[in-house]
Amino acid sequence: MLKEMLVPPKPGWLVLLAFTGSVVAQTQSVVQSPANLKKLSVEELMDIEVTSVSKRPEKLSETASAIQVITQADIRRSGATSLPEALRLASNLEVAQVDSRQWAISARGFNNTTANKMLVLIDGRTIYTPLYAGVFWDAQDTLLEDIDRIEVISGPGAALWGANAVNGVINITTKNAKDTQGALLVGGGGAELRGFGGVRYGGALGSGLHYRVYGKYFDRDSTALPSGRDAANDWHMGQGGFRLDWDAPRGDFFTLQGDLYSGRIAQPGLDNIAVEGGNVIGRWSRIFSEHSALKVQFYFDRTHRDIPGTFREDLDTYDVDVQHRFALGERQDFVWGLGYRLIEDDVGNTRALAFLPPRVSRQWFSAFGQDEIALVKDRLHLTLGTKIEHNDYTGLELQPSGRLAWKLSPRQTAWAAISRAVRTPSRIDRELFAPASPPFLLAGGPNFVSEELTAYELGYRIQPVERLFFSLATFYNDYDKLRSLQRLNPPAAFPFVLANGLKGESYGAELAADYTLTDRWRLRAGYTELRVHSRPRPGSTDAPSGRSESNDPNHQLFLRSSLDLTRHFEFDTAFRYVTRIANQSVPAYTELDVRLGWQLSPKLEFSIVGQSLLHNHHAEFGDPTARQEIERSVYGKIVWRIF
């Protein structure tokens with residue numbers, strides 16, 4: 001995060017800090033019905049088909065990638081009330097809450113509120129801002145009851161998904177409209193999450209034609225300062241949307257969906273931050289056979305963000321994607337595709353900072369191809385692929401990958417992968433200036449090029465007995481041309497220029513286990529070991545000498561228990577232990593979430609949820625000079641389904 005790259009020696013840096021603290025911190029597949037997921041055995045869960053690894057359905061247990069799946073049942077029983085909270089269920093992610101609305105989410109290192117090495121999609125729509133190549137999590141929401149599953153890949157996915165899928169991919173898929181028929185009412189509130197509510201209605205318009213509409217609202221309290229005082233950043237947001245799915249004759253599937261949202265976020269001493277936007281997605285697919293399918297998708301996304309005293313942005317994104325899959329003989333499965341994206345970005349500059357030019361139009365062209373070859377049928381598979389992209393900053397980028405999956409036995413799979421990925425420049429990298437006119441303290445680098453990664457991975461999965469599953473993924477990532485803060489005329493203090501003056505590596509292991517003790521009790525555990533090192537490249541004058549790039553804990557431990565006390569009562573607990581973040585002096589912490597659910601009937605459910613119960617408030621992320629802390633929270637929830 002740029003804020004952490006800058007060490008203000010004088011009060012005159014306050015204007016710059018105001019910017020860096022506010023701006024920079026800002027396919028269909030056939031699966032089991034989510035309503036039945038809690039009844040599945042571990043073996044059946046491992047047979048769930050995922051699509052994020054190869055853009056085609058394949059069994060979770062046989063994928064040549066470090067992937068975890070968060071099901072609708074997992075989300076419901078966790079008590080999560082937002083997408084970032086739901087992502088805590090994936091132990092291969094780093095998820096840290098920064099304040100009432102901001103999160104730092106990534107995988108395998110280099111986490112930040114402006115994390116720029118994770119690609120995130122919702123129903124095929126990339127939720128990406130070209131401002132800093134990351135995600136504004138405060139603007140990403142949906143009715144959580146509508147989510148089908150979340151597939152989380154740690155490790156590069158650039159050969160299929162393109163630039164910015166460097167350290168991983170988060171693919172969020174919502175349910176088909178035919179699976180959300182009838183009415184649903186959700187409501188509740190408590191401490192921190194002061195109030196929330198949602199309504200959804202789904203129906204049929206004809207044979208194979210289903211729809212749903214929804215609306216939701218929430219009101220969240222402020223986080224706390226280390227002293228315990230209120231941070232004065234409470235906020236509220238409303239969102240609504242629709243989805244229409246038509247299962248037409250002769251194997252055609254059509255989807256049309258969209259969302260609108262608007263929210264206001266308090267900030268001390270200034271007018272509220274405004275976040276608004278909307279999107280619409282159209283998708284057509286045809287299944288020709290078990291091994292052949294075609295999909296065409298278009299979406300439009302508009303976002304508006306106004307941070308008084310800092311900046312305003314209006315961003316329009318147009319995206320078209322075509323994907324075709326077919327078999328080559330009996331041993332090869334080939335998928336290829338073409339893509340085009342256009343963004344129109346208009347920034348309202350202030351005295352504190354400027355993006356120059358303030359209004360830009362940028363285009364991306366892409367093509368990919370991937371071939372899965374059965375070297376030994378049903379035992380040994382080799383997958384080779386690459387994505388070729390053209391962007392307006394650096395021109396052509398090539399991102400190849402090779403993956404090998406070896407099915408040692410019906411319950412054992414070993415896999416290995418070598419991949420190249422890039423993080424292409426964002427507007428901050430090249431076009432940011434602070435203050436808005438010379439002399440500059442900070443300037444974008446006109447020669448900033450793509451950050452590069454070469455990744456090496458080894459993994460192993462085993463299901464020794466029907467009720468027990470283990471997964472281990474190890475990795476070594478070699479990074480080059482990482483972002484740095486260069487002194488333009490050393491030893492002069494200013495200006496700093498953004499450049500590619502760092503290199504580094506990250507390495508570690510991710511271990512996950514799933515054990516169904518009885519038909520009523522399921523335990524899951526996850527542990528990650530991570531080391532990240534960065535250092536100046538030869539000739540670099542990086543001011544922090546690479547120390548600011550690693551804001552990651554070395555160890556994370558997660559334990560989750562889901563217990564059906566009786567036929568109608570559920571008891572769920574989630575424990576997490578996260579070691580200190582050395583560069584930010586964030587201390588290690590342990591926390592506990594608890595949920596007690598009462599299913600009064602198949603249509604009516606009550607629950608009470610406690611989050612972060614072990615401390616009145618604790619820090620998870622952030623520089624000590626501006627850190628906020630997350631408070632203990634308890635809320636109640638009611639869900640009423642009307643069929």
Side-chain angles (χ1 to χ4, degrees), residues 41-69 90-93 107-108 151-160 165 167-169 171 330-333 335 370-386 400-421 453-478 505-516 524-531:
S41 67
V42 170
E43 186 171 19
E44 291 169 321
L45 285 168
M46 293 306 105
D47 285 340
I48 289 177
E49 291 182 337
V50 297
T51 59
S52 300
V53 176
S54 59
K55 288 197 175 183
R56 66 171 184 81
E58 58 182 330
K59 290 183 179 180
L60 172 65
S61 60
E62 298 176 2
T63 59
S65 182
I67 182 170
Q68 296 187 22
V69 176
S91 62
N92 57 343
L93 285 179
R108 298 188 174 178
E151 298 178 11
V152 178
I153 298 173
S154 51
L160 288 178
N167 282 7
V169 177
N171 192 7
E330 296 183 356
R331 291 180 177 266
Q332 290 178 265
D333 197 313
V335 60
Q370 178 171 281
D371 190 10
E372 180 177 336
I373 308 164
L375 301 177
V376 179
K377 194 171 183 179
D378 298 326
R379 293 291 301 276
L380 187 62
H381 287 243
L382 173 65
T383 302
L384 300 174
T386 189
S401 173
R403 296 182 177 273
L404 187 68
W406 183 15
K407 194 171 182 180
L408 303 171
S409 72
R411 292 186 174 184
Q412 292 185 84
T413 299
W415 59 272
I418 302 176
S419 311
R420 181 183 188 270
L453 165 68
T454 303
Y456 308 87
E457 301 176 88
L458 288 173
Y460 177 69
R461 298 185 183 92
I462 183 171
Q463 187 180 357
V465 295
E466 182 179 349
R467 293 178 176 265
L468 181 62
F469 177 83
F470 288 103
S471 175
L472 174 66
T474 62
F475 63 92
Y476 178 85
N477 289 346
D478 185 9
E505 62 273 339
S506 69
Y507 54 90
E510 300 157 352
L511 176 66
D514 195 318
Y515 183 29
T516 304
R524 279 157 289 181
Y527 172 75
T528 62
E529 173 85 14
L530 173 67
R531 295 291 185 275

**Prompt:** Do you see a donor-acceptor pair shorter than 3.5 Å between the side chains of S154 and E510?
**Reply:** yes
**Which residues share a side-chain contact (heavy atoms from CB on, under 4.5 Å) with L382, sequence neighbours left out** = L375, L384, L404
**Asked** Taking side chain as C-beta onward, heavy atoms only, is R524 less than 4.5 Å from Y515?
**Response** no
**Message:** The criterion is side-chain contact (heavy atoms from CB on, under 4.5 Å); which residues satisfy it with F470, sequence neighbours excluded?
**Reply:** I462, P464, L468, A513
**Message:** Over 60° means perpendicular and under 30° means parallel, so tell me whether Y507 and Y476 are parallel, tilted or perpendicular.
**Reply:** parallel
**Message:** Any non-hydrogen side-chain atom of L530 less than 4.5 Å from a side-chain atom of S506?
**Reply:** yes
**Message:** Let me confirm one number: the CD1-CG distance from I153 to L160, rounded to the nearest 0.5 Å.
**Reply:** 8.5 Å
**Polar side-chain atom of D478 near backbone of T454 as donor-acceptor pair, under 3.5 Å** = no
**Request:** Would you sort out whether K59 and E49 count as a salt bridge (Lys or Arg N to Asp or Glu O under 4.0 Å), showing the intermediate values?
**Result:** CA-CA 5 Å; K59 290 183 179 180; E49 291 182 337; over 6 Å; no
**Request:** Under the salt bridge (charged side-chain N to carboxylate O under 4.0 Å, His left out) rule, collect the residues that match up with E505, sequence neighbours excluded.
**Result:** R535
**Request:** Hey, could you give me the NE2/OG1 distance between H381 and T63, rounded to the nearest 0.5 Å?
**Result:** 12.5 Å
**Request:** List for me each residue that meets side-chain contact (heavy atoms from CB on, under 4.5 Å) alongside L408, sequence neighbours excluded, and say none if there are none.
**Result:** W406, Q412, A414, Y460
**Prompt:** Are the side chain of T474 and the backbone N or O of L458 linked by a donor-acceptor pair below 3.5 Å?
**Reply:** yes
**Message:** What verdict does the side-chain contact (heavy atoms from CB on, under 4.5 Å) test give for T383 and D371, after you've listed the backbone C-alpha separation in whole Å, the side-chain angles of each residue and the deciding distance to 0.1 Å?
**Reply:** CA-CA 6 Å; T383 302; D371 190 10; over 6 Å; no
**Message:** salt bridge (Lys or Arg N to Asp or Glu O under 4.0 Å), that's the test. Do R411 and E466 meet it? Break it down for me.
**Reply:** CA-CA 9 Å; R411 292 186 174 184; E466 182 179 349; 5.3 Å; no
**Prompt:** Of all residues at least two apart in sequence or in a different chain, which pass the side-chain contact (heavy atoms from CB on, under 4.5 Å) check with E529?
**Reply:** Y527, R531, H555
**Message:** Would the distance check show the side chain of R331 and the main-chain N or O of A374 forming a donor-acceptor pair, the cut-off being under 3.5 Å?
**Reply:** yes
**Request:** Kindly write out the residues that satisfy salt bridge (charged side-chain N to carboxylate O under 4.0 Å, His left out) with R461, not counting sequence neighbours, or none if the list is empty.
**Result:** none
**Asked** Are any non-hydrogen side-chain atoms of L60 and I67 less than 4.5 angstrom apart?
**Response** yes
**Prompt:** Are Q370 and R403 side-chain neighbours, meaning at least one heavy-atom pair lies under 4.5 Å?
**Reply:** no
**Prompt:** Can you find a heavy atom in the side chain of S401 that is under 4.5 Å from one in the side chain of R420?
**Reply:** no
